[in-house]
Amino acid sequence: MNKFIKIIFVGIVSSVGIYLAFSGEDINLILLEFKKVNLMGVLVASIILVFSCVIRAYRWRLLLNPFAEISITNVFSATMIGYFGNGVFAFRLGELLKAYSVSINTNLNISKAFGTVILERMIDLIMVLIFSLFFLPWFPDHFYQIKITIYLIFGLIISLCLFIVFSIKLGLFRRIKKNNYFKKIIKIKVFSYFFNIYEGILAIKNTDYWRGIIISSLVLWFIYYGITLILLKSCSIELNIFDSGILFVLGSLAIGIPALPGSIGTYDAAIKYILMIIFSINSLQALNYAIISHAVSYFPLTIIGAFYFIFGSVSMKSLKNLD
């Protein structure tokens, strides 16, 4: 599937999401609902989210440590540039841009850096899994089909993680790399790039900072959960801590739906209908929360990321090399 077809596909998905989110709503009533939002709560949530990026950068620095000693300033800059990339470029180019940004300031190979970015995302998936295992038992029983679907999704995630763990334990990819037949294939650029990514993922085996990685991951995701609680309160939506946790888990999954940059449309539609169908929140309140929470997760990080992108070492010209 070429890029043009992919853009059309995600464009259609986002358009459908926008239609579903705003269909049947009165723009005047939406604006009236906005006026009821506690802006102080939104500001506090935004500040906390920006602070969480420092913790995310610190965790990534620990993952990068087996390859290079990189200052927290450089890692934070690359992290924010990554958010900017995901916010304005299609196909989550921000992940690759993040790896590229940290590599140009060090001798670190970009594909190995990208491997650590993939490792980061795997850890985040595990954290979502942990939260889901805690909150999903409180999922309403009459939505058991959704509950089973979520468990199946996480079953696949666990299977993937186990495959990667056992491949590392058994040295599967290293054995392939040493095979005479594959040595010729690995000389091909694409395969060489793949093995460098694998080396980046393998960094988790070589790190001495397990405790820091685990603690920072837990702190990071509890912060995200706390932000959900603050924004629900700011939008005058009363959910208990378990229902808020279910919304938090489902919202984390919704971000992964293929869409235009910034999860335009898909996130808003998903959150609106989760609140309406599962928690019986009226459509205006549900849409209001979806828009506010989306704005908080998008604008502060994208704007700060744009600053680092414009005044940093990464240029638009260099992006062409990432294709």
List the atom pairs, with distances to 0.1 Å, where a side-chain N or O of residues 18-37 and a protein N or O form a donor-acceptor pair under 3.5 Å, not counting sequence neighbours.
unit_1	atom_1	unit_2	atom_2	d
E25	OE2	K272	NZ	2.9
E25	OE2	S283	OG	3.0
D26	OD1	N28	N	2.8

Show every donor-acceptor pair shorter than 3.5 Å between a side-chain atom in residues 256-263 and any protein atom, with sequence neighbours excluded, or say none if there are none.
unit_1	atom_1	unit_2	atom_2	d
S263	OG	I255	O	3.4

Tell me which donor-acceptor pairs under 3.5 Å the side chains of residues 127-135 have, and how far apart each pair is, sequence neighbours excluded?
unit_1	atom_1	unit_2	atom_2	d
S132	OG	V128	O	3.4
S132	OG	L129	O	2.6

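Annotation: salt bridge (Lys or Arg N to Asp or Glu O under 4.0 Å) contacts involving residues 273-297, sequence neighbours excluded, are absent. Counting only residues at least two apart or in different chains, side-chain hydrogen bond (donor to acceptor under 3.5 Å, both in side chains) contacts with residues 248-257 are absent. For residues 297-307, the set of pairs meeting the side-chain hydrogen bond (donor to acceptor under 3.5 Å, both in side chains) definition, not counting sequence neighbours, is empty. Residue pairs meeting the salt bridge (Lys or Arg N to Asp or Glu O under 4.0 Å) criterion with at least one member in residues 152-161, sequence neighbours excluded, do not occur.
For S293, the side chain to side chain donor-acceptor pair (under 3.5 Å) partners are Y267, not counting sequence neighbours. Judged as a side chain to side chain donor-acceptor pair (under 3.5 Å), and not counting sequence neighbours, the contacts of D268 are H294. For D124, the salt bridge (charged side-chain N to carboxylate O under 4.0 Å, His left out) partners are R56, R59, R121, not counting sequence neighbours. In this view, E69 satisfies the salt bridge (charged side-chain N to carboxylate O under 4.0 Å, His left out) rule with no residue, not counting sequence neighbours. Under the rule for a side chain to side chain donor-acceptor pair (under 3.5 Å), the partners of N282 that lie at least two apart in sequence or sit in another chain are Q285.
Closest heavy-atom contact between S15 and G11: OG-O, 2.7 Å. A269 and G17 get closest at one heavy-atom pair: CB-O, 3.3 Å. Nearest heavy atoms, A57 versus I72: C-CD1, 3.8 Å. Shortest non-hydrogen contact noted between A113 and L64 is CA-CD2, 4.5 Å. Taking each heavy atom of L275 and L247 in turn, the nearest pair found is CD2-CD2, 3.9 Å. The two residues I246 and P140 make their nearest non-hydrogen contact at CD1-CD, 4.4 Å.
Under the 4.5 Å side-chain criterion, counting only non-hydrogen atoms from C-beta, I278 is in contact with F139. The shortest side-chain heavy-atom distance between M122 and I118 falls under the 4.5 Å cut-off. Annotation: side chain of W60 is in contact with side chain of K98 (closest heavy-atom distance under 4.5 Å). T116 is not listed as a side-chain neighbour of V102, based on a closest heavy-atom distance of 4.5 Å or more. At least one side-chain heavy atom of L43 sits less than 4.5 Å from a side-chain heavy atom of I47. Between T266 and V10, every side-chain heavy-atom pair lies at or beyond the 4.5 Å cut-off. Residues L97 and F309 form a side-chain contact, since some pair of their non-hydrogen atoms from C-beta on lies under 4.5 Å apart. Taking the side chain as every heavy atom from C-beta outward, E238 and K233 approach each other to under 4.5 Å.
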From CA spacing to verdict: side chain to side chain contact (heavy atoms under 4.5 Å, CB included), C53, L301: CA-CA 9 Å; C53 295; L301 305 188; 3.5 Å; yes
Trace of the side chain to side chain contact (heavy atoms under 4.5 Å, CB included) decision for Y289 with I281: CA-CA 10 Å; Y289 171 79; I281 303 299; over 6 Å; no
Would you sort out whether F76 and Y308 count as a ring-ring contact (aromatic ring centres under 6.0 Å, His included), showing the intermediate values? CA-CA 10 Å; F76 179 77; Y308 279 101; 5.7 Å; yes
For a side chain to side chain contact (heavy atoms under 4.5 Å, CB included) check, start with the C-alpha distance between N288 and L284, then their side-chain angles and the critical distance, and finish with the verdict. CA-CA 6 Å; N288 185 49; L284 271 176; over 6 Å; no
Run the numbers on I81 and S77 for side chain to side chain contact (heavy atoms under 4.5 Å, CB included), then give the verdict. CA-CA 6 Å; I81 288 173; S77 171; 3.9 Å; yes
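S234 pairs in a side chain to side chain contact (heavy atoms under 4.5 Å, CB included) with only one of the listed residues (L232, I230, I237), which is I230.
Judged purely by atom type and a 3.5 angstrom limit, S14 uses its side chain to pair as donor or acceptor with the backbone of I264. Y225 places a side-chain N or O within donor-acceptor distance of the main-chain N or O of I241, the cut-off being under 3.5 Å.
Applying the 6.0 Å contact sphere to OH of Y58 captures no more than 12 heavy atoms from other residues, nucleotides or ligands.
Taking CD1 of I304 as the reference point, atom CZ of F84 lies at 13.0 Å (rounded to 0.5 Å). Remark: N65 CG to Y209 OH distance equals 4.0 Å, nearest 0.5 Å.
Under the 4.5 Å side-chain heavy-atom criterion for grouping Ile, Leu, Val, Met, Phe, Trp and Tyr, L125 is not connected to L156 through any hydrophobic cluster.
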